[in-house]
2 protein chains.
Amino acid sequence: MLTKKELIDYCRNARENYLPHFSIDCVVFGFHEGIMKVLLLQVKNEGEWYLPGGFMLKKEPIENAANRILKERTGLDKIFLQQFHVFGDPERSKAHFEMYKDMLPASQNWFTNRFLTIGYYALVDFIDANPTRDELSVSCTWRDLHDVPELKLDHALILKTALDTLRLQLNYQPIGYNLMPKEFTMPELQKLYETILDKKLDRRNFQRRMLGFGILNRSEQQRKGGAHKAPYLYSFNQENYQAALKEGFKGGW
Amino acid sequence: MLTKKELIDYCRNARENYLPHFSIDCVVFGFHEGIMKVLLLQVKNEGEWYLPGGFMLKKEPIENAANRILKERTGLDKIFLQQFHVFGDPERSKAHFEMYKDMLPASQNWFTNRFLTIGYYALVDFIDANPTRDELSVSCTWRDLHDVPELKLDHALILKTALDTLRLQLNYQPIGYNLMPKEFTMPELQKLYETILDKKLDRRNFQRRMLGFGILNRSEQQRKGGAHKAPYLYSFNQENYQAALKEGFKGGW
DNA sequence: TACAATTGTGTCATTAATACACTTTGATTT
DNA sequence: AAATCAAAGTGTATTAATGACACAATTGTA
């Protein structure tokens with residue numbers, strides 16, 4: 001919770017620079033070696049958690065704002081980022097900013113505004129990220145997806161919707177480009193899918209299907225050094241990958 | 001184009017009632033007997049066309065606003081309505097409201113605001129609808145999807161995105177509930193799909209697949225009176241239909 | 001040198017999708 | 001009343017995709 005002075009400064013700055021009534025919330029999914037986490041921030045003095053988010057500069061494209069917010073929290077740039085829904089329940093933020101209600105008159109109080117939030121989800125390799133808290137939080141950390149604490153506002157709904165959308169997306173979009181190292185093995189890629197879907201897949205059928213998409217190049221080299229049979233290395237075929245991102249995989253009608 | 005007096009009234013009313021910077025645009029697809037149209041309005045004195053849209057009351061849920069706008073333009077209620085994207089290019093409305101720039105100071109001029117628009121698409125039977133113009137338009141009419149005039153703002157992009165989303169949706173969502181009469185024949189339903197996809201489908205394979213979804217009940221009766229063999233009548237199985245709307249049809253992983 | 005663990009590859013059975021062909025029916029024509 | 005036409009019902013052979021499963025190959029370790 002902010003002090004009155006902090007609140008005044010925060011609100012003045014916000015009113016000057018940001019488009020009112022809009023916020024952006026990012027569900028940042030972090031992957032690495034079969035682990036899936038989500039980036040969360042913890043509110044100062046309260047212990048509650050929330051999704052990384054922020055506001056849009058008055059003349060900033062939405063996409064840029066989402067990228068900027070993501071860069072501020074993770075240091076990462078040019079990552080997979082996708083708008084998936086707008087959450088606009090008029091009461092969505094009311095209860096959570098009650099405490100600021102009497103500190104400032106409503107006309108100056110940024111937090112008593114109604115906010116609609118545009119949900120984005122991002123996929124990153126959490127090894128590359130450098131989680132950085134914002135001015136309202138005490139910490140910014142990766143949390144295991146199976147161990148997500150209570151979230152404030154409607155952020156639990158936002159997270160769930162993002163996950164549902166991501167899983168649906170797997171059916172007609174390639175993923176993995178900046179989640180995997182340049183070269184990776186098929187079992188490694190499979191682990192990514194299993195992690196997102198939270199279920200085991202058959203090794204052989206996975207390989208067949210994945211190769212069928214035509215977005216992988218197999219290197220002549222193999223990954224030596226493991227304790228067992230050396231797996232082949234693959235990389236994404238950029239041309240086909242980008243094409244598939246646009247066109248989507250086959251599908252239905 | 002509005003006169004100065006009209007502009008002043010319009011802006012005063014808007015500022016009092018609506019949430020600034022937000023608009024909603026609806027792509028209303030109208031179907032009937034194998035014809036697919038889209039609802040468009042024509043600007044007063046200009047001839048340009050645009051999608052039905054409007055603003056959100058200060059405390060109104062987004063969904064309600066979209067429904068309200070749709071009801072105002074079509075008289076229809078409780079129809080399939082789905083949010084699909086937010087369009088937020090900071091310059092998206094600039095050029096189109098140039099003419100109002102000098103009529104009113106920016107602080108009072110609703111149109112010089114930056115607007116982000118939330119795109120919804122709706123599916124209706126255009127026989128049921130009663131197209132009604134809004135105060136900025138001279139007419140509100142159904143236009144054949146193959147004969148869409150030049151649209152103002154980014155409405156051509158919005159329309160295209162809606163259509164792409166709808167076609168994708170067909171793969172994992174049932175549609176047709178308020179587009180078909182209570183009872184309909186399989187060829188009639190097929191025509192709906194063909195119209196949306198803009199391509200011919202095989203009669204026999206369509207039937208097999210559609211029945212496989214399990215959302216249809218076949219009536220004992222047949223539709224007599226046609227010039228040829230009497231087709232069976234089907235209706236949607238509400239329980240399964242609603243379930244499929246929520247769960248989606250099977251699909252991939 | 002045998003072993004354990006992991007990867008590569010293949011096959012069979014089942015299901016889904018595609019491409020067709022023939023029969024049935026009911027009004028219309030002769 | 002019989003023949004005809006056009007639309008609808010139903011079926012089948014072929015191909016492709018998916019799911020379930022088995023075995024051989026490789027590599028470091030015991």
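Below, each value reflects all heavy atoms present in this structure, side chains not excepted, and no hydrogens, waters or symmetry copies. Computed from a prediction, not measured in an experiment: that's the story for all the values here. Within every chain, numbering begins at 1; the chains are lettered A, B, ... in the order of the sequence lines, protein sequences first and strands thereafter.
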Checking the side chain of A:D154 only, and the main-chain atoms of A:L157 only, is there a donor and an acceptor separated by less than 3.5 Å?
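Flag not set: sc A:D154 to bb A:L157 has no pair under 3.5 Å.
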
Is the B:Y193 ring parallel, tilted or perpendicular to the B:F206 ring (thresholds 30°, 60°)?
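Because their plane-to-plane angle is over 60°, the rings of B:Y193 and B:F206 count as perpendicular.
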
Before giving the answer on side-chain contact (heavy atoms from CB on, under 4.5 Å), spell out for A:Y120 and A:I24 the whole-Å C-alpha distance, their side-chain angles and the decisive distance to 0.1 Å.
CA-CA 7 Å; A:Y120 275 82; A:I24 289 179; 4.0 Å; yes

Whole-Å distance between [N] [atom2] and [X] [atom1]?
{"X": "B:N171", "N": "C:dA17", "atom1": "CG", "atom2": "P", "result": "11 Å"}
{"X": "B:F184", "N": "D:dA7", "atom1": "CZ", "atom2": "P", "result": "21 Å"}
{"X": "A:K200", "N": "D:dG19", "atom1": "NZ", "atom2": "C1'", "result": "17 Å"}
{"X": "B:F206", "N": "C:dC20", "atom1": "CZ", "atom2": "C1'", "result": "19 Å"}
{"X": "B:L189", "N": "D:dA8", "atom1": "CG", "atom2": "P", "result": "13 Å"}
{"X": "A:L211", "N": "D:dA16", "atom1": "CG", "atom2": "P", "result": "18 Å"}

Check B:K200 with B:E194, please: is the shortest side-chain N to carboxylate O separation under 4.0 Å?
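Yes, B:E194 and B:K200 are salt-bridged.
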
Kindly state each residue pair satisfying ring pair (Phe, Tyr, Trp, His ring centres under 6.0 Å) with at least one member in residues 168-189 of chain A, sequence neighbours excluded.
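Sorted result for residues 168-189 of chain A: A:Y177-A:Y241, A:F184-A:F236.
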
Base-pair map of DNA chain D as dot-bracket, where | denotes pairing with a different strand and pairs are Watson-Crick or G-U under 3.5 Å:
||||||||||||||||||||||||||||||

Would B:Y50 and B:D134 count as having a side-chain donor-acceptor pair, cut-off 3.5 Å?
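A pair is found: one side chain offers a donor N or O, the other an acceptor, under 3.5 Å apart.
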
Is a donor from one side chain sitting under 3.5 angstrom from an acceptor on the other, for B:D164 and B:T161?
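No, B:T161 and B:D164 have no side-chain donor paired with an acceptor closer than 3.5 Å.
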
Check: A:F126 ring centre within less than 6.0 Å of A:F29 ring centre
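Centroid distance A:F126-A:F29: not below 6.0 Å, so no.
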
Nucleotides 2-16 of chain C: protein proximity per nucleotide (B base, S sugar-phosphate only, - neither; heavy atom, under 4.0 Å):
---BBBBBB------

